[in-house]
Structures are given as C-alpha cells and as structure tokens.
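What follows is a set of notes on a single structure, which appears directly below.
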Amino acid sequence: MKNILLVGVGRFGRHIAIQLAQMGHQVMAVDTSEDRINDVLPFVTNAQIGDSTNEQFLSSLGIRNFDTCIVAIGDDFQNSLETASLLKELGAKKVIARAATDVQEKFLLRNGADEVVYPEKQLASWTAIRCTSDMILDYTELDDGYSIFEIETPESWINKTIVEINIRRKYNINVLAIRGNGKLNMNINPDTRFMEGNSVLILGQQKDVQKCLKI
C-alpha cells in the first residue's frame, strides 16, 4: 500500500482515484473545486480544497510523506507546470504529471516531473495497434521500442510447444505467459504447449510481432 497525493480530480483524476482506491492505496486528493472534491470523497482517504500553485498550501500537506505525487490537472497547463516544479522543490520522491501535447511533455520533464502520462497519445497508440489485427487483445508499450502484447493463439501454434515452434529464434519474441480459463500461467518453459482457446502474452518489438502475426 502506498501513500499518494493526487492533484486535480477532474474526469481523469477521478478515474485515477477510483483505480487507486480499488488497489488499496491511500490517496490524498487536492483540487480548487469544492464540487469535484465532494465527488471524489468516496474514493479517497483525505481531501483538501486549495491552490496547488501556492507553495505554503502545498508545504502544509507534508509532501515528503507521499510515495508518489500525481499531477492530473487537465485544464490549465501553467498550473500543472508550476505544481510539478513546486512538488519537486518541496522534496517529492516521485512526480508523475499529465500532458496533452508533446511540448507539454518536454516542459514537464524539464521542470520537476519524473514521469509524464500522455493519455490521448497513449490511447491513440493503443487503438491503432489494436485495430491492425483481430488477434491482438491488449497492448502495453514499454521502453526501448518493446511492448507486451496479448494475442489469440495463432492457429499454427496450437498443440505445439515453444521449442517446437522455435519462437525466440524465428520471430525474435519472448512468451511471458498463457491465459486460459480465466487464469494466467506464468510458469513458462520450452515444453509449454499452446492450446486452442488460450491467449498468449508476448514481449517484443512491434515490427517483430507484426511479422509473427503477418499484419
């Protein structure tokens, strides 16, 4: 369980609060709007109405006590930038901030943010990848050009083992897990056999996965 400061609880911030609550984390929510704070109260541990660009107000929250600070302000980039910078100056261990454009992403990373989430860009990438093949069930982009894909088991793999298909050498991808009957099996070895109706989690570069799935 982590102690998290969430600054900005509009639609995006509210969804973050709900997800964090479901995961059992303690969340302190901050926003300038009393209505938004009241709306998110069922999902957070504590909440404050205040201006996150006010150093005195932010300092009063005990920034060093939070494991992560999330800046989810979506309607005022200047406030988002100032908040990220102030949080870092006040000793925040980790600052994650929301960006809406490439330029915002660059400014945030240069001025206090340790990581940046770019919902529109990330959703666009996810949608584009998903629509390229009906076999792709899910997709998560990682660093260095690698991604994790959940795919339907290709017909040519069914009833064969990993070593029989020679997946790593043939496609330059790694099998991470197999999902079947609602359960995820991560105990993967060369003799693991692919069965019809299962899905497979694979790690690889997009070009290699496209080659594997022939898309």
Side-chain angles (χ1 to χ4, degrees), residues 1-129 139-148 203:
M1 180 178 68
K2 290 191 174 183
N3 195 20
I4 297 172
L5 175 65
L6 176 60
V7 182
V9 288
R11 285 175 295 178
F12 180 63
R14 184 175 182 275
H15 283 299
I16 293 176
I18 293 172
Q19 291 297 319
L20 289 172
Q22 291 176 348
M23 296 168 68
H25 298 297
Q26 292 187 328
V27 180
M28 159 75 83
V30 171
D31 201 289
T32 56
S33 167
E34 183 177 357
D35 289 339
R36 289 198 291 264
I37 286 294
N38 288 335
D39 189 44
V40 82
L41 278 177
F43 314 109
V44 299
T45 311
N46 203 347
Q48 293 280 348
I49 301 170
D51 180 4
S52 62
T53 65
N54 184 303
E55 184 175 357
Q56 186 175 355
F57 170 71
L58 270 190
S59 182
S60 71
L61 301 177
I63 299 304
R64 293 179 184 271
N65 296 324
F66 295 100
D67 297 298
T68 302
C69 298
I70 302 174
V71 183
I73 300 170
D75 54 358
D76 191 324
F77 177 66
Q78 183 64 33
N79 283 353
S80 180
L81 190 63
E82 290 182 23
T83 299
S85 180
L86 276 176
L87 285 169
K88 210 61 181 178
E89 289 177 11
L90 292 171
K93 299 172 186 175
K94 185 176 184 179
V95 178
I96 301 175
R98 177 189 182 180
T101 67
D102 293 340
V103 172
Q104 289 183 5
E105 182 178 13
K106 291 176 182 178
F107 270 103
L108 286 165
L109 289 172
R110 292 173 183 171
N111 293 273
D114 298 296
E115 296 180 20
V116 171
V117 291
Y118 192 162
E120 291 83 357
K121 183 178 182 179
Q122 290 160 345
L123 180 58
S125 296
W126 185 89
T127 303
I129 292 295
Y139 158 81
T140 302
E141 187 173 342
L142 305 177
D143 293 333
D144 300 323
Y146 285 86
S147 301
I148 296 175
L203 169 67

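All values reported here derive from a predicted model rather than from experimental measurement.
- Relative to the six-membered ring of Y118, R98 misses at least one condition, a distance below 6.0 Å or an angle of at most 45° to the axis.
- Residue F107 places its CZ atom among 12 or fewer non-hydrogen atoms of other residues, nucleotides or ligands, all under 6.0 Å distant.
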Which is it for I70 and I4 under the side-chain contact (heavy atoms from CB on, under 4.5 Å) test, yes or no, and what are the steps along the way?
CA-CA 7 Å; I70 302 174; I4 297 172; 3.9 Å; yes
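- Checking side-chain atoms of S59 against main-chain N and O of E55 turns up no donor-acceptor pair under 3.5 Å.
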Discussion item. Applying side-chain contact (heavy atoms from CB on, under 4.5 Å) to D31 and I49, what does each step give before you reach the verdict?
Written reply: CA-CA 5 Å; D31 201 289; I49 301 170; over 6 Å; no
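- Here K93 does not pair with D114 in a salt bridge; the nearest charged N to carboxylate O distance is not below 4.0 Å.
- I37 and Q48 make their closest contact through CD1-O, 3.6 Å (heavy atoms, listed as atom of the first residue, atom of the second, distance).
- Put simply, CG on L87 and OG on S52 are 7.5 Å apart, with the number rounded to the nearest 0.5 Å.
- Of the possible donor and acceptor atoms, one in the side chain of H25 sits under 3.5 Å from a partner among the backbone N and O of K2.
- Shortest non-hydrogen contact noted between A113 and A84 is N-CB, 4.4 Å.
- No side-chain donor-acceptor contact under 3.5 Å links Q19 to the backbone of H15.
- Between D67 and K94 there is no salt bridge, since no side-chain nitrogen of the basic residue lies less than 4.0 Å from a carboxylate oxygen of the acidic one.
- Under the 4.5 Å side-chain criterion, counting only non-hydrogen atoms from C-beta, V7 is in contact with I73.
- Among L86, T53, D51, the one residue that satisfies the side chain to side chain contact (heavy atoms under 4.5 Å, CB included) test with L58 is L86.
- Of the inter-residue distances, the one linking T83 atom OG1 with N111 atom CG reads 12.0 Å to the nearest 0.5 angstrom.
- Here the shortest heavy-atom pairing between A29 and V44 reads CB-CG1, 3.9 Å.
- The side-chain heavy atoms of E105 and L109, taken from C-beta on, include a pair separated by under 4.5 Å.
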>> Using side-chain contact (heavy atoms from CB on, under 4.5 Å), reason through F77 and L108 one step at a time and then give a plain yes or no.
In response: CA-CA 9 Å; F77 177 66; L108 286 165; 3.8 Å; yes
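- Counting all heavy atoms, side chain and backbone alike, M1 lies closest to G24 at CG-O, 3.1 Å.
- Taking all atoms of both residues into account, the shortest heavy-atom contact from L6 to V9 is CD2-CG1, 3.8 Å.
- Looking at T45, its side chain does come within 3.5 Å of a backbone N or O of V27 through a donor-acceptor pair.
- Remark: E34 CD is loosely packed, at most 12 non-hydrogen atoms of other residues, nucleotides or ligands lying under 6.0 Å away.
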| task | With side-chain contact (heavy atoms from CB on, under 4.5 Å) as the test, would you mind laying out the steps for L20 and F43 before giving the verdict? | result | CA-CA 8 Å; L20 289 172; F43 314 109; over 6 Å; no
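- Going from atom CD1 of I96 over to atom CD of E115 covers 4.5 Å, rounded to the nearest 0.5 Å.
- Closest approach of A72 and G8 over heavy atoms only: CB-O, 3.5 Å.
- Remark: the backbone N or O of F57 is paired with a side-chain donor or acceptor of S60 at under 3.5 angstrom.
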